[in-house]
Chemist: 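This structure is in structure tokens; I'll ask about it shortly.
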Amino acid sequence: MSKLSLTGKELRNIGYPEGPVISIAMNIMQKAYKHESKETALAVLSSILASPQDYSTDEILGVIANQLLPQQELEHNGISLNQTGIQFNIFGQEHIEEGAMHQMYTAAKLPVAVAGALMPDAHHGYGLPIGGVLATENVVIPYGVGVDIGCRMCLSIFDINPQELVQREHYFAREINEATLFGSGAQFKQAADHEVMDHEAFGLLPLLKQLHGRAWKQLGTSGSGNHFVEFGEVSIAETDGILQLPAGQYLGLLSHSGSRGLGSNIANHYTKVAVSKRRLPLEAKNLAWLDMAEAEGQEYWLAMNLAGDYASACHHIIHDKIAKQLGRKPLKMVENHHNFAWKEILDGKEVIVHRKGATPAGKNVLGIIPGSMTAPGFIVKGKGEAASINSASHGAGRKLSRTKAMQSITEKQLRDELVKHNVTLLGGGLDEAPFAYKDIEEVMKGQKALVDIVGRFTPKIVKMDGTPVRTRKSQKQDIAEGE
DNA sequence: ATGTAC
């Protein structure tokens with residue numbers, strides 16, 4: 001009977017890279033070190049990771065060490081990481097998990113890295129951490145952008161009294177339900193229309209041509225995971241010169257989604273191309289890049305921009321539908337993407353800035369940073385802080401993994417929290433419950449130097465993917481209305 | 001994040 005129980009997460013937290021080495025190391029340690037403490041086992045694993053060459057001939061631990069040794073470096077295309085990484089700034093470090101820090105330290109050792117920063121909502125991701133910002137010179141890293149290319153926030157602000165959300169809750173809930181479609185593979189039977197589907201890129205690359213049909217049917221859908229469409233109260237404390245809205249309360253429509261299957265296929269395709277072209281040590285494998293001077297780099301750039309335009313179109317279709325149903329034009333719209341790569345000038349030099357779960361925060365640039373289904377979100381204005389490479393967090397950041405949230409949060413807890421905040425949830429699982437997220441107020445404190453708050457968004461009617469969790473209030477109303 | 005997966 002083994003006393004030792006290691007988890008993959010613990011290995012990642014001490015810097016073990018994604019890949020087969022995690023399960024190999026877990027298996028070996030659970031056999032060879034079964035009577036040792038977890039601390040001892042982790043210390044040994046750390047030591048192997050620090051200098052795998054010292055263990056490569058060890059009869060037992062050598063198997064782990066050889067997984068960590070960058071065999072690819074010996075191959076003809078092999079690329080080594082720098083011994084010392086570039087310096088990067090970390091904002092709100094006390095809220096950032098160790099795994100995310102390790103991933104950023106690895107990214108900082110890439111020979112193409114020019115500058116980096118970690119946002120206060122950072123957590124462990126695939127390749128670059130979520131909340132990671134990385135500037136490179138003349139190369140683009142597909143997994144530095146992420147799988148959901150162009151994922152973004154979009155807010156419409158209407159001149160409607162937000163009290164109506166309480167008074168006519170069922171009317172607004174129906175508007176969201178009718179205008180949106182959630183679900184992992186969700187497609188409309190009758191495709192929406194948008195000029196993005198006529199984009200020339202669809203004809204230029206075979207990959208994009210192949211993705212056109214499904215992309216069309218997914219146009220205007222929201223997907224799954226942390227994506228949402230919600231009504232809430234926009235509160236402007238004082239007029240801001242950039243947002244230019246009089247102080248007051250407004251009705252807001254806020255959406256969060258990305259480029260669906262289109263972006264996902266582009267990301268995975270070009271990551272594979274990059275990984276096969278540039279053999280990096282295992283821990284940096286998924287940070288393989290494409291050179292902007294080669295055809296694949298140009299292709300990725302074209303496809304990435306298409307996915308960005310497509311993600312934007314998805315939001316606009318939803319917002320247009322709802323605005324039409326409300327019979328109003330929004331006073332303002334604020335939109336920003338947070339999974340993308342941009343050509344920007346840094347210290348007088350053009351660089352490619354990858355933001356993976358980070359909000360652009362150049363001087364006077366508006367953005368939206370959401371909290372959770374019950375916590376407030378913020379309309380922000382960038383300060384143009386070079387130390388963060390003109391970036392801020394893209395949300396509160398997860399505190400609990402999806403699996404951990406599902407295990408530890410009960411439906412009753414979520415229901416009580418929704419009632420407490422007077423939020424109606426039209427769909428959404430326990431893995432998206434407010435308790436799974438960091439405290440957004442704390443995260444905002446960690447980035448005071450990066451953004452100014454110009455408005456507040458308080459969610460009231462929230463739609464996400466998944467079975468609706470019923471509040472007592474809405475159950476009562478359903479009975480009253482005979483649903 | 002993604003409809004069927006190195």
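Just so we're on the same page: letters track the sequence lines, and every chain starts at 1.
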Chemist: Measure from OH on A:Tyr270 to C1' on B:dT2 and round the result to the nearest Å.
Modeler: 18 Å
Chemist: In whole angstrom, give the distance that lies between atom CG of A:Asp431 and atom P of B:dT2.
Modeler: 13 Å
Chemist: For A:Ser259, which contact category applies under a 4.0 Å heavy-atom criterion: base, sugar-phosphate, or nothing?
Modeler: nothing
Chemist: Rounding to an integer number of Å, can you tell me how far A:Asp465 CG sits from B:dT2 P?
Modeler: 8 Å
Chemist: Return the value, rounded to whole Å, for the distance between atom NZ of A:Lys272 and atom P of B:dT2.
Modeler: 17 Å
Chemist: Just to verify, which of A:Val114, A:Thr106, A:Val112 counts as forming a side chain to side chain contact (heavy atoms under 4.5 Å, CB included) with A:Leu110?
Modeler: A:Val112
Chemist: A:Tyr126 OH to B:dC6 P: how many Å, rounded?
Modeler: 11 Å
Chemist: So what does A:Gly225 hit on the nucleic acid, given a heavy-atom distance under 4.0 Å: a base, only sugar-phosphate, or nothing?
Modeler: sugar-phosphate
Chemist: Calculate the interatomic distance between A:Ile149 atom CD1 and B:dT2 atom P; express it in whole Å.
Modeler: 12 Å
Chemist: Expressed in angstrom and rounded to an integer, what is the separation of A:His269 atom NE2 from B:dT2 atom C1'?
Modeler: 17 Å
Chemist: Please find out if less than 6.0 Å separates the ring center of A:Trp342 from that of A:His337.
Modeler: yes
Chemist: Output, in order, the C-alpha distance, side-chain angles, deciding distance and verdict of side chain to side chain contact (heavy atoms under 4.5 Å, CB included) for A:Leu425 and A:Phe228.
Modeler: CA-CA 11 Å; A:Leu425 186 63; A:Phe228 59 76; over 6 Å; no
Chemist: Between A:His338 and A:His256, is the ring centroid distance below 6.0 Å?
Modeler: yes
Chemist: Rounded off to whole Å, could you give me the CG-to-P distance for the A:Asn265 and B:dT2 pair?
Modeler: 12 Å
